[in-house]
Amino acid sequence: MHPRPFRARALLWFTLAVGLAACNRQPAAPPNTTPDGAVRADLVLTRNGDFDGLLRSTLPPEDYAAWRAEWSQALARQPAPTAQQKQQFAATMQKLTEPGAEDKLYRQLQPQLAAFRAHHAQDLPMLVGIMQAAGNNVVQNAAEMSASQKQQATEAIAALAAWAQTADFTDPARAKQAIGVVCATARKLDIKTLDQLRALDYPATMARYAAGWDGLKQLLKIYGLDLDASFDSAKVETLGDDGTHARVRETFVLAGKPIVSEVNLVKEQGHWYDADRLAAWRKRHAAAAAPGKSPNAALTPAVPHSVPTIAPAAPASAGHH
């Protein structure tokens with residue numbers, strides 16, 4: 001979750017691929033003062049796109065402060081974009097936000113949509129298979145994830161692959177609606193150049209992630225995947241609690257498939273945290289801060305278990321779902 005991929009690449013992906021969600025009333029996250037409350041809070045904060053709140057809920061205050069410091073340091077080290085990258089970004093944003101962008105982009109898409117429709121029966125399974133294999137590879141190499149979390153993420157990827165096989169991505173009406181969503185989010189991001197993107201401070205960056213996440217949810221809903229419904233229907237059950245350590249079972253229904261995992265939690269300063277992710281963050285932070293390490297070794301913590309694996313980079317470095 002370096003600022004470079006987590007900030008520039010993720011936001012560019014959002015710019016190209018997501019749109020502005022309808023303004024629904026959002027549930028309030030419970031405090032993480034109980035084991036089930038901690039897991040539920042992560043779910044609600046993720047649903048709402050409150051990624052800074054999610055980090056605050058996942059990391060004790062001292063660890064959160066260290067994460068913020070590393071974020072700022074990595075931001076200062078990121079290399080300047082090339083002239084070509086600047087030109088491409090500005091041209092893309094212009095196409096997405098200019099007056100009449102929706103109709104113009106839809107006209108440009110129609111021939112590609114027709115070609116995809118003609119071959120999608122043979123092309124889609126191969127494309128989905130490649131993406132599923134890539135996702136599973138990322139999960140298996142994620143050192144910060146426990147075995148249970150990796151199993152849950154693998155099941156989530158399988159559920160998404162099954163959904164993608166049945167979603168009608170060739171439907172013209174849905175494509176037109178999706179383009180409208182993409183353009184609406186690009187306008188809401190209100191970023192015209194890479195220089196503007198790089199100049200965003202932390203709160204402004206988090207606000208853009210939230211807008212992109214809301215748009216992604218609306219985009220997926222057009223094709224039949226309702227993530228808000230999945231988050232809202234998730235079930236959390238405390239299996240054991242000795243006052244210092246606890247274990248919680250979480251059941252999350254994604255694309256009609258129930259995905260079950262068990263989360264180990266530890267209590268610190270009156271609050272409960274995902275023990276596996278907290279330990280992994282502290283190990284990586286200590287290694288990055290060791291004498292002789294390259295500045296680029298400073299790693300930010302993985303976003304907690306409740307962030308869907310379908311989310312790109314930001315919410316992708318994320319977690320179990």
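Just so you know, these numbers use all the heavy atoms, side chains as well, and skip hydrogens, waters and symmetry mates. Counting begins at 1 with the first residue of the sequence. Remember, predicted model here, so these are calculated numbers, not experimental data.
Here the straight-line distance linking atom CG of Leu55 with atom CG of Asp63 works out to 11.5 Å at 0.5 Å rounding. Atom CG of Leu96 and atom CG of Leu105 lie 6.0 Å apart (nearest 0.5 Å). Rounded to the nearest 0.5 Å, atoms CG (Asp42) and CZ (Arg40) are 11.0 Å apart. Separating the CZ atom in Arg208 from the OG1 atom in Thr205 is a distance of 8.0 Å, to the nearest 0.5 Å. Here the NE2 atom belonging to His271 is positioned 13.0 Å from the CG atom belonging to Leu59, to the nearest 0.5 angstrom. Rounding to the nearest 0.5 Å places CG of Asn48 at 8.0 Å from CG of Asp228.
Side chains of Leu43 and Phe252 form a contact here, defined as non-hydrogen atoms less than 4.5 Å apart. Taking 4.5 Å as the limit, every side-chain heavy atom of Leu189 sits out of range of all side-chain heavy atoms of Thr97. Contact check for Tyr202 versus Ser72: no side-chain heavy atoms found under the 4.5 Å cut-off. Counting heavy atoms from C-beta outward, Val39 and Thr238 have side chains that stay 4.5 Å or more apart. Taking the side chain as every heavy atom from C-beta outward, Gln151 and Ser261 never approach each other to under 4.5 Å. Side-chain contact check for Met93 versus Gln196: every heavy-atom pair is 4.5 Å or farther apart. Taking the side chain as every heavy atom from C-beta outward, Lys86 and Phe89 never approach each other to under 4.5 Å.
Gln84 CD: 12 or fewer foreign heavy atoms inside a 6.0 Å radius. The 12-atom threshold is exceeded at CD of Gln108, counting heavy atoms of other residues, nucleotides or ligands nearer than 6.0 Å. A 6.0 Å sphere centred on NZ of Lys95 holds no more than 12 heavy atoms belonging to other residues, nucleotides or ligands.
In terms of heavy atoms, Glu268 sits closest to Pro60 at OE1-CG, 3.6 Å. Looking at every heavy atom in both residues, Ala210 comes nearest to Gly49 through CB-O, 3.3 Å. Of all heavy-atom pairs spanning Trp272 and Ala38, the tightest one is O-CB, 3.5 Å. Closest heavy-atom contact between Leu194 and Pro81: CD1-CB, 3.7 Å. Heavy-atom minimum distance, Ile259 versus Ala156: CD1-CA, 3.3 Å. Across all their heavy atoms, Thr170 and Arg117 have their closest contact at O-NH2, 3.0 Å.
Side chain of Arg247 to backbone of Gly240: no donor-acceptor contact under 3.5 angstrom is found. Lys150 places a side-chain N or O within 3.5 Å of a backbone atom of Gln140 that can act as its donor or acceptor partner. Checking side-chain atoms of Lys217 against main-chain N and O of Arg47 turns up a donor-acceptor pair under 3.5 Å. Of the possible polar contacts, one joining the Asn32 side chain to the Ser57 backbone as a donor-acceptor pair under 3.5 Å is found. Checking side-chain atoms of Arg249 against main-chain N and O of Lys235 turns up no donor-acceptor pair under 3.5 Å. Side-chain atoms of Thr193 never come within 3.5 Å of backbone atoms of Ala90 as a donor-acceptor pair (strictly under, hydrogens ignored).
A tilted orientation is assigned to the rings of Phe169 and Tyr223, their planes being inclined by 30° to 60°.
Residues Thr58 and Asp274 have side chains that never bring a donor and an acceptor to within less than 3.5 angstrom of each other. For the 3.5 Å distance criterion, the side chains of Thr34 and Asp36 qualify, holding a donor opposite an acceptor. Between the side chains of Tyr64 and Asp52, a donor-acceptor pair is found at a separation under 3.5 Å.
A continuous path of Ile, Leu, Val, Met, Phe, Trp and Tyr side chains, each step under 4.5 Å between heavy atoms, connects Val128 with Ile222, placing both in one hydrophobic cluster. Cluster membership for Ile157 and Val253, using ILVMFWY side-chain heavy atoms within less than 4.5 angstrom, is not shared. No chain of hydrophobic side-chain contacts below 4.5 Å, direct or via other Ile, Leu, Val, Met, Phe, Trp or Tyr residues, connects Val248 to Leu239.
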- Intermediate values then yes/no, side chain to side chain contact (heavy atoms under 4.5 Å, CB included), Val44 and Asp50: CA-CA 9 Å; Val44 173; Asp50 183 358; over 6 Å; no

- Message: Is there a side chain to side chain contact (heavy atoms under 4.5 Å, CB included) between Gln269 and Glu62? Walk through the geometry before answering.
- Response: CA-CA 11 Å; Gln269 304 176 45; Glu62 296 81 0; 3.2 Å; yes

- Task: Begin from the C-alpha positions of Asp214 and Lys188 and carry the test side chain to side chain contact (heavy atoms under 4.5 Å, CB included) through to its verdict.
- Result: CA-CA 11 Å; Asp214 284 345; Lys188 183 174 178 62; over 6 Å; no

- Can you list the steps and then say if Leu220 with Trp163 is a side chain to side chain contact (heavy atoms under 4.5 Å, CB included)? CA-CA 11 Å; Leu220 293 173; Trp163 160 77; 3.7 Å; yes

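No option in Arg187, Lys176, Arg107 other than Arg187 meets the salt bridge (charged side-chain N to carboxylate O under 4.0 Å, His left out) test with Glu102.
Judged as a ring-ring contact (aromatic ring centres under 6.0 Å, His included), and not counting sequence neighbours, Tyr106 has no contacts.
Grouped by direct or indirect side-chain proximity (heavy atoms under 4.5 Å, Ile/Leu/Val/Met/Phe/Trp/Tyr only), Leu127 sits with Met131.
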